[in-house]
Protein chains: 2
Amino acid sequence: MLTIGSLARKTGTKVQTIRYYEQIGLMPEPGRTEGGQRRYGDDELDRLAFIRHARQLGFSLEAIRELLDLSDHPHRPCLEADAIARRQLKQVEQRLARLEALRIELQRMVHECSGGQTADCRVLEVLRDHSECLTDHDEIGA
Amino acid sequence: MLTIGSLARKTGTKVQTIRYYEQIGLMPEPGRTEGGQRRYGDDELDRLAFIRHARQLGFSLEAIRELLDLSDHPHRPCLEADAIARRQLKQVEQRLARLEALRIELQRMVHECSGGQTADCRVLEVLRDHSECLTDHDEIGA
DNA sequence: GGTTGAACCTCTAGTAGCTTGAGGGTGTAA
DNA sequence: TTACACCCTCAAGCTACTAGAGGTTCAACC
């Protein structure tokens with residue numbers, strides 16, 4: 001039986017995050033000691049590891065909820081899980097492309113900075129003049 | 001004189017976002033009509049364009065606040081602006097590296113999906129088994 | 001058995017960067 | 001004058017946590 005603290009250490013999660021996952025129904029309510037402290041078994045450890053791994057891959061909590069649901073029903077077709085993963089892959093690829101464009105623009109800004117006064121600063125100038133911008137209009141929340 | 005709506009259209013911003021920027025002091029309080037509606041001039045247009053461009057490049061609102069401040073003082077040395085841009089570039093490069101690792105892992109998951117039942121689903125299996133994971137433990141909030 | 005101290009508990013509020021909604025007022029063209 | 005698109009404020013909601021206050025429990029040591 002694991003305390004919440006050791007479960008946290010084993011999975012690289014913060015204690016509060018585990019309680020948060022329980023609160024939003026992603027983790028089940030665990031057993032408790034007489035004094036009211038949570039105690040976890042291996043099932044919960046696996047489930048939390050699954051969640052954390054999926055989070056590291058950038059899946060949203062909602063996507064993870066779906067994936068866990070699929071994982072609980074081993075005889076359903078796996079098309080859905082595949083679709084979720086493909087969606088995620090597409091998002092990652094889009095983010096990569098945008099970040100790459102940003103990197104190029106930032107690098108250009110930085111390389112051209114002459115180190116003089118802000119009046120001549122290339123960084124500020126580029127930000128001021130959108131016409132030199134390589135990126136599209138829509139990308140912000142990356 | 002621009003209404004808030006036309007300013008929004010010109011800069012690709014939402015009306016509410018402009019009011020939000022005003023609320024947190026990033027945009028100045030504009031003039032108003034007798035009826036209390038906001039009216040903007042070219043200075044505000046430039047400032048908002050600057051903000052949006054910087055946001056597209058991934059700068060935080062706090063960083064933008066600093067950049068705007070520097071931009072308002074043309075005779076100060078531009079080292080600070082340069083430092084902010086370099087910091088941003090570094091972050092972008094780190095994110096790129098992590099996203100690339102994620103892309104590889106996701107692609108592997110998706111390519112190995114056989115399209116059968118969830119019991120044999122490669123996507124779920126990979127998520128379950130962290131030992132095959134290529135990524136480090138720390139990355140989540142990307 | 002008593003005492004310590006780390007780890008646990010609940011609850012509330014805060015973070016970034018907006019977005020949405022309710023409920024109502026304004027500006028302009030026909 | 002009437003229609004209606006646009007504007008106003010204020011409050012709450014979003015994701016995915018994180019931090020803190022104020023109090024309780026567990027396990028080890030003496």
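Source: prediction; values computed, not measured. Proteins come first, then strands; the chains are lettered A, B, ... in the order of their sequence lines, and each starts at number 1.
Of the candidate nucleotides D/dC7, C/dC18, D/dA16, D/dC7 has the atom nearest to the side chain of B/Ile4. Distances were taken from every side-chain heavy atom of B/Arg19 (C-beta onward) to each of D/dT9, D/dT18, C/dC9; the shortest belongs to D/dT9. Side-chain proximity of A/Gln37 to the nucleotides D/dC17, C/dG17, C/dC8 is greatest for C/dC8.
Checked for salt-bridge contact, A/Arg47 and A/Glu44 miss the test: no charged N lies under 4.0 Å from a carboxylate O. For the pair B/Glu29 and B/Arg38, the salt-bridge criterion is not met [side-chain N within less than 4.0 Å of a carboxylate O]. One finds a salt bridge joining A/Arg103 and A/Glu100 here, because a Lys/Arg side-chain nitrogen approaches an Asp/Glu carboxylate oxygen to under 4.0 Å. With salt bridges taken as basic N to acidic carboxylate O contacts below 4.0 Å, none links A/Lys90 and A/Glu93.
In this structure, A/Ile18 places its CD1 atom 9 Å from P of C/dC8, rounding to the nearest Å. A/Lys14 places its NZ atom 17 Å from the C1' atom of C/dC8, with the value rounded to the nearest Å. Going from atom CD of B/Glu22 over to atom P of D/dC10 covers 12 Å, rounded to whole Å. What separates OH of A/Tyr20 from P of C/dA13 is a distance of 17 Å, to the nearest Å. Rounded to whole Å, the distance from CE on A/Met1 to C1' on D/dC26 is 16 Å. Nucleotide D/dC6 holds its C1' atom 12 Å from the CD atom of B/Gln16, rounded to whole Å. Note: CZ (A/Arg65) to C1' (D/dA16) measures 12 Å, nearest angstrom. In this structure, the CG atom of B/Leu26 is 13 Å from the P atom of C/dA16, given to the nearest Å.
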Q. Stepwise, does the side chain to side chain contact (heavy atoms under 4.5 Å, CB included) test hold for B/Leu68 with B/Ile51?
A. CA-CA 8 Å; B/Leu68 281 167; B/Ile51 293 170; 4.0 Å; yes
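Remark: A/Thr3 is in phosphate contact with C/dC8, judged by side-chain N or O atoms under 4.0 Å from OP1 or OP2. A sub-4.0 Å separation between OP1 or OP2 of C/dT26 and a side-chain N or O of B/Thr33 is absent. Residue B/Tyr21 places no side-chain N or O under 4.0 Å from the OP1 or OP2 atom of C/dG17.
In terms of position on DNA chain C, the residue among A/Gln23 and A/Arg38 whose nearest nucleotide sits closer to the 5' end is A/Arg38. Ranked by how close their nearest DNA chain D nucleotide is to the 5' end, A/Thr17 and A/Gly35 are led by A/Thr17. Residue B/Phe59 is the one, among B/Arg39 and B/Phe59, whose nearest nucleotide of DNA chain C lies closer to the 5' end (criterion: closest heavy atom).
Here B/Ile24 lies out of heavy-atom contact (under 4.0 Å) with every strand. The residue A/Arg32 sits close only to the backbone: its heavy atoms come under 4.0 Å of sugar-phosphate atoms, none of a base.
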